[in-house]
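Remarks on the structure that follows.
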There are 2 protein chains.
Amino acid sequence: MKVSDIPGIIVERLPRYYRYFDKSVRNNVDYISSKEIGEELGIHSTQVRKDFSYYGEFGKRGVGYETTFLRGQLEKILGLNYSWEIVLIGMGNLGEALVSYDGFKRLGLNIRYVFDVAPKLAESKLGDVEVYNIDNLDSILKKNEIKIGIIATPAEAAQDIVDKLVVAGIKGIWNFAPTYLHTPEDVHVRNEDLATGLISLSYHLSN
Amino acid sequence: MKVSDIPGIIVERLPRYYRYFDKSVRNNVDYISSKEIGEELGIHSTQVRKDFSYYGEFGKRGVGYETTFLRGQLEKILGLNYSWEIVLIGMGNLGEALVSYDGFKRLGLNIRYVFDVAPKLAESKLGDVEVYNIDNLDSILKKNEIKIGIIATPAEAAQDIVDKLVVAGIKGIWNFAPTYLHTPEDVHVRNEDLATGLISLSYHLSN
DNA sequence: TAGATTGTTAATCGATTAACAATC
DNA sequence: TAGATTGTTAATCGATTAACAATC
């Protein structure tokens with residue numbers, strides 16, 4: 001099975017499986033079945049089994065899935081078995097919240113360099129992360145092998161920054177700016193427009 | 001056409017259409033075609049036309065879509081033509097960033113009440129939003145007609161809070177806690193687990 | 001009218017679920 | 001063995017896209 005045959009939407013579910021296996025390991029549960037996973041996560045048990053089957057035969061018939069083993073497999077599948085160095089651009093409230101969000105670090109996702117057009121001097125260090133002026137973007141990216149960038153700038157600034165990131169070799173962009181970004185095909189963009197979340201609730205409650 | 005016949009995934013695209021029409025109005029563009037919309041947003045033009053067609057016949061053949069008119073239609077469709085009162089629970093970095101995010105207010109999405117288990121006294125007001133102790137949740141929700149709640153608490157606390165919100169009549173929940181929430185059928189949950197965004201990039205760059 | 005673009009049907013594509021043999 | 005649950009095929013369901021008549 002080629003990677004390209006795997007439905008893209010699966011990656012939305014894999015982190016939830018991973019989290020549930022992790023939780024089960026911590027609760028000293030040795031095996032869980034696709035039925036249990038499905039009930040906990042609101043997913044059909046057939047879907048769970050099919051999702052795993054794209055990557056291998058991980059279960060034991062009649063028993064279920066061994067939690068420690070599956071957690072490890074999912075870690076590898078998701079690329080969480082080694083650590084990522086990440087840059088973030090835009091040091092507003094959202095940028096700060098992301099830098100200090102502790103859910104990333106223990107997954108090996110490390111926001112290392114932060115850039116802003118006008119970093120306040122008092123904040124030139126945020127926790128253990130250094131904040132740089134945007135002018136240094138190119139030189140710092142070139143010195144380090146960084147593949148993932150987070151855009152937490154206003155919409156107007158986003159495309160310019162992205163163009164620079166692409167030139168510097170960034171291959172994955174997590175975009176919080178409420179605008180569509182144009183990138184080469186080999187650069188993966190993930191849009192996380194916050195307003196969409198609230199708007200979707202507004203839509204559903206109105207209809 | 002019944003509302004239930006409209007594909008759920010459309011709501012992911014509608015806010016982007018809305019934003020593009022809004023931008024076009026501000027740029028004094030009178031008409032845009034489905035082809036232009038598609039190119040700008042990376043969506044097939046047929047998809048654009050089909051999406052609109054679920055709600056009415058909004059275009060002029062040979063011409064395109066009138067920007068002011070469409071912006072207004074999308075506003076109604078998305079429930080943005082009147083204002084929503086919203087509560088947020090969990091006053092960490094993320095909660096603060098959401099409260100001060102200025103993309104919501106001009107859409108009529110107003111975070112009015114904020115709760116925490118231990119609001120620091122110095123922060124009992126955040127901008128023009130009052131911060132309350134979680135014990136007051138029930139009484140304040142009962143006094144006001146609030147339909148949307150935002151969960152920005154740790155995962156462990158989320159389900160308890162949600163149960164309380166549901167009892168108090170909340171019908172839409174925007175969940176930032178990395179855990180699946182169990183709710184009655186008529187309560188709409190939108191999960192916005194931040195780690196998933198970065199993990200999906202990690203996954204795509206690893207494979 | 002000629003050119004452009006919509007709205008919609010039908011075809012295609014892709015994801016989900018039902019069913020069940022394999023097997024622990 | 002009997003009971004349970006996996007892995008996978010086939011059927012179903014739903015979303016996307018191609019094609020084109022309608023019409024501005």
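Lettering follows sequence order; numbering is per chain, from 1.
- Between the side chains of A:Y180 and A:N191, no donor N or O sits under 3.5 Å from an acceptor N or O.
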Using a 3.5 Å limit on both pairing distances, list the dot-bracket string of DNA chain C from the 5' end; Watson-Crick and G-U wobble pairs count, crossing pairs take [ ], interstrand pairs take |. ..||||||||||||||||||||||

Let me see the working for B:E85 and B:K143 under salt bridge (charged side-chain N to carboxylate O under 4.0 Å, His left out), right down to the final yes or no. CA-CA 12 Å; B:E85 309 271 282; B:K143 248 184 285 178; over 6 Å; no

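- If you measure from atom CD of A:E12 to atom C1' of C:dA15, you get 14 Å, rounded to the nearest angstrom.
- Checked for salt-bridge contact, B:D186 and B:K171 meet the test: a charged N lies under 4.0 Å from a carboxylate O.
- Ring centroid separation for the pair B:Y31 and B:Y65 does not come in under the 6.0 Å cut-off.
- Shown here are the side-chain hydrogen bond (donor to acceptor under 3.5 Å, both in side chains) partners of B:R13, two or more places apart in sequence or in another chain: B:Q47, B:D51.
- Taking every heavy atom of residues 29-37 of chain A and every atom of DNA chain D, pairs under 4.0 Å involve A:S33, A:S34, by number.
- Remark: B:Y54 is not in phosphate contact with D:dA15, judged by side-chain N or O atoms under 4.0 Å from OP1 or OP2.
- With rounding to the nearest 0.5 angstrom, the NZ atom of A:K142 is 12.5 Å from the CD1 atom of A:I140.
- Distance CD1 (A:I9) to P (D:dG14): 14 Å, rounded to an integer number of Å.
- Taking the six-membered ring for Trp and the full ring otherwise, the centers of A:F21 and A:F69 sit at least 6.0 Å from each other.
- When rounded to the nearest whole Å, the span between CG of A:D51 and P of C:dG14 equals 17 Å.
- Partners of B:R106 under the side-chain hydrogen bond (donor to acceptor under 3.5 Å, both in side chains) rule, at least two apart in sequence or in another chain, do not exist in this structure.
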Going 5' to 3' along nucleotides 17-24 of chain D, which nucleotides have protein heavy atoms under 4.0 Å from the base (write B), which only from the sugar-phosphate (write S), and which from neither (write -)? BBB--BBB

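- No contact: A:F52 has no heavy atom under 4.0 Å from any strand.
- Few gaps surround NZ on B:K147; more than 12 heavy atoms of other groups in view lie less than 6.0 Å from it.
- Within the nucleic acid shown, A:G56 has no heavy atom closer than 4.0 Å to any nucleic acid atom.
- Side-chain contact of B:T196 with B:D193: a donor-acceptor pair under 3.5 Å is present, judged by distance alone.
- Between B:W174 and B:F104, the gap from one ring centroid to the other is short of 6.0 Å.
- Other residues, nucleotides and ligands contribute only 12 or fewer heavy atoms inside 6.0 Å of the NZ atom of B:K60.
- Within residues 13-26 of chain B, the residues approached by DNA chain D to less than 4.0 Å at the level of any non-hydrogen atom are B:R13, in residue-number order.
- Distance CD1 (A:I6) to P (C:dG14): 15 Å, rounded to an integer number of Å.
- Residue A:F58 is classed as a sugar-phosphate contact, given heavy-atom separations below 4.0 Å to backbone atoms only.
- With 3.5 Å as the limit, one finds a donor-acceptor pair spanning the side chains of A:E75 and A:Y18.
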